[in-house]
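Encoded as structure tokens, the structure appears first; notes follow it.
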Amino acid sequence: MSQWLQHLVAGAKYGSVSDATIQGYLRSASQIETVWQQLDEKVADLLLSGMAPWVAHASMGYALAYVRACRLDVIFVQEILKASALNKEAGAGKIARLTYNQALALCEHIEPYLEESLKASANPHVVHRLPLDFGPHITDQQGVSSAHVQGCMLAVEAAKSWTEGVLAQYELAMNAAQIPLPQAVTDHIKKMHNDIELGNFHLRTGIDLIGQLSQGQTTEMLAIKAEGMLWEAMESFYQTIQLVAMPGAFGIAARKQTAIPAYEEVYLPHEREHEQMSQARKPLPPSPPTPPPRTPEQHALDLLGDITAASQNQEAGQKPSPGNVLEGIVSETETPPKKTEHAVEETMDLLSDIMGKQEEKHE
């Protein structure tokens, strides 16, 4: 097949675009080494001041996490571009559209991550939400080229080697301390090794699925599956290298979120809890004292006052009966019964009857 026909077939199946934009982004990543060197100098100054090595590294932990994540993004882009450049089907200066889209998505993180690294180094008291997610992962339902899969494999292998080297340097610095390591630091290093081992498992699985990819003996289905396994391996290395300088990880590994600000100001949640508990512990206002029980004599005197007031408000010409008087007191009707000349005498008789019944009930 002629070279022109190869370019035509590759462009129709996968599409190809210029890599000039990606190369421009990679040139802007030249500041990574400068930022990293500044962070190493700050850690060295903290060590010279007598600070414990795990504390000194953790003080610059957020800044180191951002610059290391940025470095892995650049490594991944460089490797997939290198593999695409070896692909003769795409043409000189051309890369597959899937490779271009994936590289562009990762290059968008270069400038923001470097900026956050500088902010974190200047203000270590700001809490950032880590680890950052690797990606976004760009896929194509129409298939994936063999050059793209090979580039992903080379990128993951480079990320694995680089992550293991950073962890080895951290262990060397910890072992150089003249005081015993805290248990939290020892457990953290062990966890980092376990995460790297998980990434190695996904890497080996992806390579086994690829098989003889360079000889064209792998189906597109296996190529898509292999690319997914390589991506999972890359995620393991990507998260591990961010948390290398963070013994105990401050519980942030379980706080992975998406669509959130890159950092947030430090706040102390226990202060809010203390305030809520203080409010809950405030004494309740004293309840009014309970009046003592009333005796039958007091009840009768109160009743006499009510009956007398009702009798004085009666209208002339109508004689109330005891039942009407009591009904007017209990129901508090708006129209009182009419007054008669013998109302007071009957009221006294009624009071005597009521007091007699109250004494019998009391006995």
Side-chain angles (χ1 to χ4, degrees), residues 1 3 5-17 19 22 26 69 71-107 133-167 193-241:
M1 183 182 295
Q3 185 177 4
L5 185 58
Q6 290 178 353
H7 294 172
L8 180 62
V9 172
K13 186 174 183 180
Y14 301 110
S16 58
V17 292
D19 62 348
I22 308 302
L26 292 179
R71 181 60 178 142
L72 277 192
D73 285 335
V74 173
I75 287 177
F76 194 92
V77 173
Q78 289 175 340
E79 293 299 330
I80 60 177
L81 288 184
K82 187 186 301 182
S84 183
L86 298 177
N87 182 21
K88 298 180 180 180
E89 296 180 355
K94 300 288 185 177
I95 58 177
R97 183 169 296 276
L98 176 60
T99 303
Y100 174 84
N101 293 335
Q102 183 62 80
L104 183 62
L106 295 177
C107 286
D133 292 328
F134 181 64
H137 186 191
I138 307 300
T139 58
D140 191 350
Q141 300 297 331
Q142 297 180 357
V144 55
S145 64
S146 59
H148 183 79
V149 178
Q150 287 179 334
C152 291
M153 181 183 66
L154 295 175
V156 176
E157 289 178 341
K160 168 183 175 296
S161 176
W162 197 63
T163 303
E164 291 176 343
V166 171
L167 181 58
H193 281 286
N194 293 336
D195 293 342
I196 290 179
E197 190 62 28
L198 179 62
N200 291 336
F201 164 75
H202 290 128
L203 174 59
R204 291 192 299 267
T205 304
I207 294 176
D208 293 339
L209 289 175
I210 292 175
Q212 300 296 325
L213 183 61
S214 60
Q215 300 180 9
Q217 299 179 3
T218 301
T219 63
E220 288 189 358
M221 181 180 297
L222 288 178
I224 295 175
K225 183 67 175 179
E227 195 260 352
M229 298 302 297
L230 294 174
W231 191 269
E232 291 187 21
M234 189 67 187
E235 288 179 337
S236 296
F237 301 137
Y238 195 76
Q239 295 182 10
T240 300
I241 204 167

Start with the C-alpha gap between Asp133 and Tyr238, add the side-chain angles, then the distance that decides, and say whether side-chain contact (heavy atoms from CB on, under 4.5 Å) holds. CA-CA 8 Å; Asp133 292 328; Tyr238 195 76; over 6 Å; no
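- Note that the CD1 atom of Ile241 and the NZ atom of Lys160 stand 12.5 Å from one another [nearest 0.5 Å].
- Although no hydrogens or angles enter the test, the distance criterion places no donor-acceptor pair under 3.5 Å between the side chain of Glu232 and the main chain of Leu203.
- Residues Leu106 and Gly135 come closest through the heavy atom pair CD2-O, 3.6 Å.
- Considering only heavy atoms from C-beta on, Asn200 comes within 4.5 Å of Glu197 through its side chain.
- Atom CG of Leu81 sits about 6.5 Å away from atom CG of Asp19, to the nearest 0.5 Å.
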Check the pair Ile210 / Leu222 against side-chain contact (heavy atoms from CB on, under 4.5 Å), numbers first and verdict last. CA-CA 7 Å; Ile210 292 175; Leu222 288 178; over 6 Å; no
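- Note that CZ of Phe76 and CG of Asp73 are 9.5 Å apart. Values are rounded to the nearest 0.5 Å.
- Here Leu98 contributes atom CG and Ser145 contributes atom OG; the two are 6.5 Å apart, rounded to the nearest 0.5 Å.
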Could you go step by step and tell me if Val166 and Arg71 meet the side-chain contact (heavy atoms from CB on, under 4.5 Å) rule? CA-CA 12 Å; Val166 171; Arg71 181 60 178 142; over 6 Å; no
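- Note that CD1 of Ile196 and NE2 of His193 are 6.5 Å apart. Values are rounded to the nearest 0.5 Å.
- Nearest heavy-atom pair, Leu209 versus Ala226, reported as atom, atom and distance to 0.1 Å: CB-CB, 3.8 Å.
- Across all non-hydrogen atoms, the minimal contact from Ile75 to Ala159 is CG2-N, 4.5 Å.
- Looking at Ser84, its side chain never comes within 3.5 Å of a backbone N or O of Ile80 through a donor-acceptor pair.
- Between the side chain of Glu227 and the main chain of Val149, no donor-acceptor pair closer than 3.5 Å is present.
- Residue Ala155 comes nearest to Met234 through the heavy atom pair O-SD, 4.4 Å, listed as atom of the first residue, atom of the second, then distance.
- Interatomic distance, OG1 of Thr163 versus CG of Leu72, reported as 5.0 Å (0.5 Å rounding).
- Among residues two or more places apart in sequence or in another chain, the side-chain hydrogen bond (donor to acceptor under 3.5 Å, both in side chains) test is passed with Gln78 by none.
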Residue pair Lys82, Glu79: steps toward the salt bridge (Lys or Arg N to Asp or Glu O under 4.0 Å) verdict: CA-CA 5 Å; Lys82 187 186 301 182; Glu79 293 299 330; 3.6 Å; yes
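- Across all their heavy atoms, Ala83 and Ala147 have their closest contact at CB-O, 3.6 Å.
- Relative ring orientation between Trp231 and His137 is described as parallel, the plane-to-plane angle staying below 30° on a 0-90° scale split at 30° and 60°.
- For His202 against Ser236, the heavy-atom pair with the smallest separation is ND1-OG, 4.4 Å.
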